[in-house]
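The next block holds one structure in the form of structure tokens; read it before the comments.
Each ligand, and each atom within it, is numbered from 1 in the order the structure gives. Atom set for the values below is all heavy atoms of this structure, side chains included, hydrogens, waters and symmetry mates excluded. Here the structure is a predicted model, which is why all the values come from computation and not from measurement.
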Amino acid sequence: MRSNKQIYPYGKQALDLSDLLAVFKTLLSPWLTQGPAVKNFEDALCAYTGAQYAVAVANGTAALHLAVAALDIAPGAEGITSPNTFLASPNCLVYNKVKPVFADIDAQTYNISLKEIEKHCSEKTKLLIPVHFAGQPVDMENIAKLAKAKDLFVIEDAAHAIGATYADGSRVGNCRYSDMTIFSFHPVKTITTGEGGAIMTNDKALYEKLLALRAHGMTKAAERYQQPANIEKGAWYYEMQTLGFNYRLTDIQAALGSSQLKKLDRFVARRRHIVELYNQELKGLPLITLPFERPEVRSAFHLYVLQIDFAALGKNRTQVMEELKAKGVGTQVHYIPVHTQPYYQNSYGYRWGDQPKAEDYYQKALSLPLYPTLTDRDVLSIGQSVREVLTKTI
Ligand SMILES: *Cc1c(COP(=O)(O)O)cnc(C)c1O
């Protein structure tokens, strides 16, 4: 039996003995960072997704920062992303002096809408950052067509979507429809390295830029040295040819990542099973909308988001969250539309009302606990609690 104090969080990592052993082995090895574990993890990410190159970095936000930086976009350009995302998706544009422009979501998938992207495209637009919200792939086939027609770069924010597949059955992260795809390995995401992220690409030139940007802009590749031949270039020698960062992932984290990646398909299958159980438990309940999955894709189901008509229910979201918490059910809200954040209002003049679909979605959103170590019994009990709290009593 669960004690009264135990609360199901909305998301949680799943670690087992093999993960602990992988980390332990690395801690006893000569390399805590800049050793072989990082390249091994990158190779495993390429093998899993089908992309040619991977660059593991300190977190998903760093991955987005470097992905935009590698494109060398001139200041004054615009990049389009979804308002229904975590702060990092537009922030990476701001880091690179690209103006963030938001395109409203599709009311059914909660993903950025192609029509809305088209509406916001101008001659200043250089880059699209579609976000695979809750793990459901965006319609990338059509985004790629639009990007090609308008000569735009595409970076997929797949922080939620490792393990998901596109309509063609291939895996998110293969970069078939984009220049780069980023992942996050934060503990609430599908696999974890504590903090961590990666950028996937099939473009060798981008890959080499990303490697340099990850480590201070340094290169040790003799064929690319720029200093004249009379400058001695021994084993110690390196050149800084661009301004980079220290965004490295440690070997400790990478070893955990490789171990977690082996379990990814199982994690996603378990998440999808939990989603089916929730759907069975909650269907028919009035005043709610269950998550919609486009039949042609396979979502990784990072989140299980209900849309709840709080006004008709006669309880606000705070009350519902409190009542669920009292029953041991933690919930969360994904996401406050980013354009409404004070920073974005103050810096760009964006306002409430600008993205009506994302704002309407936000007013009704509530994420239920979803992680692979939830048992069927846990899920049925959470479903029961949700039914009790969402049943109108008047
Ligand atoms: C988590 C997340 C990120 C950032 O990843 P971190 O590893 O936390 O920096 C970016 N985009 C989305 C959509 C996310 O959910």
Non-hydrogen atom of F183 closer than 4.0 Å to ligand 1: no
When hydrophobic residues are tied together by side-chain contacts of less than 4.5 Å, even through go-betweens, does L303 share a cluster with V297? no
If we set the cut-off at 4.0 Å for heavy atoms, which region of T85 has an atom near ligand 1: side chain, backbone, both, or neither? side chain
Determine, using heavy atoms of H302 and all atoms of ligand 1, whether some pair is separated by less than 4.0 Å. no
Before signing off on this row, confirm whether H186 and ligand 1 have an N or O atom pair separated by under 3.5 Å. no
Are Y95 and H65 an aromatic pair, judged by ring center distance below 6.0 Å? yes
So if I count the atoms of ligand 1 from 1 in the order they appear, which ones are less than 4.0 Å from some heavy atom of T61? 4 (C), 5 (O), 6 (P), 9 (O)
Answer with side chain, backbone, both or neither: which part of N59 has a heavy atom less than 4.0 angstrom from an atom of ligand 1? both
I'd like to know whether ligand 1 has A62 as a neighbour, heavy-atom separation below 4.0 Å. no
Report the nearest protein non-hydrogen atom to atom 11 (N) of ligand 1: residue, atom name, distance rounded to 0.1 Å. D157 OD2, 2.8 Å
Which protein heavy atom lies closest to atom 5 (O) of ligand 1, and at what distance to 0.1 Å? S184 OG, 3.3 Å
Following the transitive rule for hydrophobic clusters with a side-chain heavy-atom cut-off under 4.5 Å over Ile, Leu, Val, Met, Phe, Trp and Tyr, establish whether I182 and V57 coincide in one cluster. yes
Nearest non-hydrogen protein atom, atom 3 (C) of ligand 1: K189 NZ, 3.8 Å
Atom indices of ligand 1, in the order listed, that fall short of 4.0 Å to a heavy atom of Y335: 15 (O)
Is V68 reachable from F86 through a run of I, L, V, M, F, W or Y residues, each pair having side-chain heavy atoms under 4.5 Å apart? no
Are Y348 and F102 close enough that their ring centers fall under 6.0 Å? no
Y110 and F133 aromatic ring geometry - parallel, tilted or perpendicular at 30°/60° bounds: perpendicular
Can you say whether the rings of Y247 and F245 are parallel (under 30°), tilted (30 to 60°) or perpendicular (over 60°)? parallel
Quick test: of every protein heavy atom, which one is nearest to atom 15 (O) of ligand 1, and how far off is it to 0.1 Å? H160 NE2, 2.8 Å
Output the list of atoms in ligand 1 that are nearer than 4.0 Å to some heavy atom of G196, sorted by atom number. 7 (O)
Using a 4.0 Å cutoff against the non-hydrogen atoms of G60, which atoms of ligand 1 qualify? 5 (O), 6 (P), 7 (O), 9 (O)
On the six-membered ring of Y48, is R171 placed so that its NZ or CZ lies under 6.0 angstrom from the centre and within 45° of the ring axis? yes
Between Y362 and R317, is there a cation-pi geometry (under 6.0 Å to ring centre, at most 45° from the normal)? yes
